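Keep in mind the model is a prediction, meaning the values are calculated, not measured.
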Amino acid sequence: MAHHHLDALDKKILKLIAEDARIPFLEVARACNVSGAAIHQRIQKLTSCGVLKGSQFIIDPEKIGYETCAYIGLYLKNPASFDTVVEELKKIPEVVECHYTTGGFDMFIKIYAYNNHHLLNIIHDKLQPLGLSRSETIISFNAAISRQLPVVNAIKDNVDEE
């Protein structure tokens with residue numbers, strides 16, 4: 001994976017927008033002591049090189065009725081069908097993440113369901129037909145930590161290397 005060299009201004013911008021994605025560019029510009037146009041250009045550069053992956057509103061699944069969060073390790077009958085299975089998983093809206101992993105699983109997914117009964121239906125009706133030999137499900141009671149990677153640590157590590 002390509003790493004992008006970030007200068008001090010890039011790092012300060014990332015720190016500010018990571019703390020508040022809605023911060024106005026002019027406020028970022030004032031904090032960085034540069035023009036608004038400079039901030040706009042830097043944000044465009046950080047987006048085009050893939051450091052920034054856009055912005056979004058985060059919906060709390062529980063607030064809209066999804067009371068069960070589960071992580072499922074999938075074992076495929078035919079591991080060579082991984083790409084096909086991923087394409088089918090993309091069609092299941094309750095699947096919000098899918099990972100290539102080390103260990104025994106062929107893939108590891110995160111899923112939201114209205115309740116345990118709905119989860120069972122998803123596993124039986126939507127996942128099993130994809131060619132699973134078996135699966136292991138872990139239900140999450142609560143996310144104790146849910147955050148982005150702190151920009152402060154990335155800044156410190158990169159500054160130490162320079």
Side-chain angles (χ1 to χ4, degrees), residues 1-64 66 68-76 78-113 122 126-127 130-131 135-136 138 140 142-162:
M1 277 187 220
H3 296 275
H4 300 282
H5 176 73
L6 303 175
D7 64 18
L9 179 57
D10 290 333
K11 293 171 189 174
K12 188 163 187 178
I13 292 167
L14 288 174
K15 183 179 184 309
L16 290 166
I17 64 174
E19 290 171 355
D20 179 6
R22 291 181 170 209
I23 189 171
F25 283 1
L26 286 178
E27 196 172 319
V28 174
R30 279 188 218 104
C32 295
N33 204 24
V34 297
S35 71
I39 297 300
H40 191 267
Q41 288 173 343
R42 290 294 183 115
I43 295 286
Q44 284 184 322
K45 179 191 84 163
L46 291 167
T47 301
S48 67
C49 70
V51 172
L52 287 175
K53 293 187 174 186
S55 60
Q56 61 187 354
F57 288 103
I58 309 290
I59 298 169
D60 182 340
E62 193 172 352
K63 301 284 189 213
I64 59 169
Y66 290 88
T68 301
C69 173
Y71 296 87
I72 306 175
L74 304 177
Y75 297 87
L76 303 178
N78 177 10
S81 66
F82 186 91
D83 291 336
T84 304
V85 172
V86 169
E87 288 306 310
E88 291 303 311
L89 287 170
K90 288 178 182 178
K91 298 175 185 175
I92 303 170
E94 295 89 352
V95 175
V96 297
E97 293 181 21
C98 178
H99 299 269
Y100 295 92
T101 63
T102 60
F105 303 128
D106 292 311
M107 60 182 69
F108 195 72
I109 64 173
K110 181 178 181 181
I111 191 169
Y112 284 103
I122 293 167
K126 296 181 179 180
L127 297 180
L130 299 180
S135 63
E136 291 183 28
I138 301 166
S140 170
N142 188 24
I145 299 172
S146 179
R147 62 181 175 203
Q148 290 208 36
L149 181 65
V151 177
V152 174
N153 292 345
I155 291 170
K156 181 185 182 313
D157 293 343
N158 287 335
V159 169
D160 289 347
E161 294 173 5
E162 295 177 353

I want to check something: taking the side chain as every heavy atom from C-beta on, are [X] and [Y] in contact at a cut-off of under 4.5 Å?
X	Y	value
K45	D10	yes
L14	L52	yes
I111	V96	no
M107	L76	yes
R147	I145	yes
T68	S140	no

Give a yes or no on this: more than 12 heavy atoms of other residues, nucleotides or ligands lie within 6.0 Å of atom [atom1] of [X].
X	atom1	result
Y71	OH	no
I64	CD1	yes
H99	NE2	yes

Residues K91 and E88 bridged, charged N to O under 4.0 Å: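 Salt bridge flag = yes for E88 with K91.
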Side-chain ion pair, R42 and D7, N-O less than 4.0 Å: yes
Ignoring hydrogens and geometry, is there a side-chain-to-backbone donor-acceptor pair from [X] to [Y] under 3.5 Å?
X	Y	result
S81	N78	yes
S35	A38	yes
D60	E62	yes

[X] side, atom [atom1]; [Y] side, atom [atom2] - distance, nearest 0.5 Å:
X	Y	atom1	atom2	value
I59	Y112	CD1	OH	11.0 Å
I39	L9	CD1	CG	5.0 Å
C98	E87	SG	CD	10.0 Å
R22	F57	CZ	CZ	4.0 Å
H5	C49	NE2	SG	12.0 Å
L6	K12	CG	NZ	15.5 Å

Worked verdict on I43 versus F25 for side-chain contact (heavy atoms from CB on, under 4.5 Å): CA-CA 9 Å; I43 295 286; F25 283 1; 3.8 Å; yes
Verdict with reasoning, E27 to R30, per salt bridge (Lys or Arg N to Asp or Glu O under 4.0 Å): CA-CA 5 Å; E27 196 172 319; R30 279 188 218 104; 5.4 Å; no
Criterion side-chain contact (heavy atoms from CB on, under 4.5 Å) on I109 and L127, from CA distance to verdict: CA-CA 11 Å; I109 64 173; L127 297 180; 4.0 Å; yes
Steps toward side-chain contact (heavy atoms from CB on, under 4.5 Å) verdict (T101, D106): CA-CA 7 Å; T101 63; D106 292 311; over 6 Å; no
Proximity of Y100 and F108 rings by center, below 6.0 Å: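 For Y100 and F108, the ring centres are not under 6.0 Å apart.
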E136-Y75 side chain donor-acceptor pair, cut-off 3.5 Å: yes
Minimum heavy-atom distance L130-I92, with the two atoms named: CD1-CD1, 4.4 Å
Closest heavy-atom pair and its distance - G36, L26: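 For G36 versus L26, the nearest heavy atoms are CA-CD2, 4.0 Å.
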side-chain contact (heavy atoms from CB on, under 4.5 Å) between I122 and V95, intermediate numbers included: CA-CA 10 Å; I122 293 167; V95 175; 5.6 Å; no
